[in-house]
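These values consider heavy atoms only, across backbone and side chains, with no hydrogens, waters or symmetry-generated copies. The structure presented is a predicted model; accordingly, all values stated were derived computationally and were not measured. As the structure lists them, so they are numbered: ligands from 1, and atoms in each ligand from 1.
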Amino acid sequence: MEKVLKHGRYIMGPEIDTLEKRLCDLVGVKYTISCSSGTDALVMALMAGGIGPGDAVFTTPFTFFATAEAISMVGATPVFVDIDPETFNISPRNLADAIRAVREDNNAIYPLPDYRGKDAPLSPKAVIAVDLFGLPCDYDALSTIADDNGLLLIEDAAQSLGGAYKGKQAGALGDMGCTSFFPAKPLGCYGDGGAVFTDSDTLAAKLRSIRVHGMGGHKYDNERIGLNARLDTLQAAVLLAKLDIFDEENQLRRQRARTYFDLLNPACPSLFLPSIPKGCVSAWAQYSILAQNTDMRTRIIDGLDKKGIPTMIYYQKPLHLQEAYGGLGYEKVSMPVAEKISSKIFSIPMHPYLDEETIKKVSRAIMDYAQG
Ligand SMILES: *Cc1c(COP(=O)(O)O)cnc(C)c1O
C-alpha cells in the first residue's frame, strides 16, 4: 500500500495488471478483468453477454440478493429455479423444466415470473449458477443444459474462490466467472472489489471496455454504454499480499471444516451437516448446518449467543419472496426446497484462524442445544 501511495497511480496502476495475471494463474483462465465489486462483476458479465429487456436469466432463489439484482439492473427478468436439497445449489433438473416452461410460456411446467413484455414472451438467454457457501454447482449437468439451449453460463463464484470442480478451479466453470473481494469472502480486500474470469477473447475485450465507460481505442472514444467499475490500485496491493497466503488459508479452512464434521457428526445425528460431492472442493466460505426445524434452530442460535458465539442465517428469505421482487408474482411454496431450507439453516464461525479450542467450544455448545 505504501508503494501505491508513493507512485500515486490510484486508478489502474501497475498493481492491477500484476493482480490480474496472478488471478489468471490461480483460476486457470486466459483473462481476468478486475472490477469494483462482485455485484458489478455480475452486471458486467450480463452486459458483455448482451443480456437486456425481454431476456430470461435463470438463477437460484437461495443466494445473496446481488445475484438477482444484477439481472434486474440490466433490464432482464430473473427466473428462479429451486435448489438441490443436499448441496443448496441450483438443481439441474429444475433448470431444464424452467427453461422449457419459458420456451413454451407455460407455468404449469414450472413456476414462472409475471412478465408483461411488449409483445413477446421472455426469451431464455443465460444461467447464473451460484457456488453457495463455496461449493461449486454440478457444472457437468449445467453446461450440458446451457449448451443444449444456447444459453450463456455465468458462474457466481463470489463465495467459491479456492474451490474446484473435477480438477478445474472455481471461477473457470462457466463462460464467465464472477467473484467478489468483499472483506468476508474467501479472498477479501480492505473494501469492495471483484473480478470477471473468462477464456473468451471477445468477452474479455467487451468486459474491459464496459469497465471503463464503454471505452474504445482511447480514453475519450466510447463504443458502447458502460460503467465506472474499476478496482482501486490500493485494493489490488492488498490482494497481492493476501494471494501469497491464499492456498494456505484455503487449506486451513478445509481442515477447520473437517474438524467440525468429526466432532458434530457422531454427536448430533439430528443435524444435517454439509457434505462435499465427489470431485468437488469447497472454499468453505461458510459452514452452514440444517437444524430439524425452526424451533430447534432458534434454540441453538440463542444458546450459542448466550455463550458469546456468533451465528448467522444465510439466507432468511429466499429471493422470490423478497419485497423487491413482489412484482414477479411468485407465491409461497413456488420454490419449496429453498423455502424449507431457509427455515432451518444457520452458519457457525468459519475462518482460517479458528483455533482447535474454539472449534471444540462451538461444537460442544451446538451439541448441548441440539439435544434440547
Ligand atoms: C457477496 C456476493 C455477491 C456480491 O458481491 P459484492 O462484492 O458484495 O458486490 C454476489 N453473489 C454472491 C453469491 C455473494 O455472496
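- Here is the list of ligand 1 atoms found below 4.0 Å of a heavy atom in Ser180: 5 (O), 6 (P), 7 (O).
- A distance-only check finds a donor-acceptor pair linking the side chain of Thr59 to the backbone of Ile128 [under 3.5 Å].
- Every atom of ligand 1 with a heavy atom of Gln159 under 4.0 Å away is listed here by number and element: 13 (C), 14 (C), 15 (O).
- The ring of Tyr330 has its center closer than 6.0 angstrom to the ring center of Phe80.
- For atom 10 (C) of ligand 1, the closest non-hydrogen atom on the protein side is Asp156 OD2, 3.6 Å.
- With a heavy-atom cut-off of 4.0 Å, Ala66 touches ligand 1 through its side chain alone.
- Taking distance alone, with nitrogen or oxygen atoms compared against 3.5 Å, Thr63 stays at or beyond that limit from ligand 1.
- Within a 6.0 Å sphere centred on OH of Tyr353, heavy atoms belonging to other residues, nucleotides or ligands number more than 12.
- On a distance-only criterion, Phe181 and ligand 1 share no N/O pair closer than 3.5 Å.
- Between Tyr287 and Phe261, the distance from one ring center to the other does not fall under 6.0 angstrom.
- The N/O atoms of Tyr315, backbone and side chain alike, include none that comes under 3.5 Å of an N/O atom in ligand 1.
- Residue-level proximity to ligand 1 for Thr39 is carried by backbone and side chain together, each with a heavy atom below 4.0 angstrom.
- Counting the atoms of ligand 1 from 1 in the order shown, those under 4.0 Å from a heavy atom of Ala158 are 2 (C), 3 (C), 10 (C), 11 (N), 12 (C), 14 (C), 15 (O).
- Tyr325 and Phe65 have tilted rings, their planes meeting at an angle from 30° to 60° on a 0 to 90° scale.
- Looking from atom 2 (C) of ligand 1 to the surrounding protein, the closest heavy atom is Lys185 NZ, 2.5 Å.
- For the side chain to side chain contact (heavy atoms under 4.5 Å, CB included) with Pro352, the lone residue among Arg253, Arg254, Arg256, Gln255 that qualifies is Arg253.
- Using a 4.5 Å cut-off on side-chain heavy atoms (C-beta onward), Thr63 and Thr60 make contact.
- Under a 4.0 Å criterion applied to the non-hydrogen atoms of Gly38, ligand 1 contributes the atoms 5 (O), 6 (P), 7 (O), 9 (O).
- Near Ser37, meaning under 4.0 Å from one of its heavy atoms, ligand 1 places the atoms 7 (O), 9 (O).
- Listed by atom number, the atoms of ligand 1 under 4.0 Å from Val130 heavy atoms are 13 (C).
- From Leu264, atom CG reaches atom CG of Leu273 across 5.5 Å, with rounding to the nearest 0.5 Å.
- Environment of CZ in Phe246: crowded, with over 12 heavy atoms of neighbouring residues, nucleotides or ligands closer than 6.0 Å.
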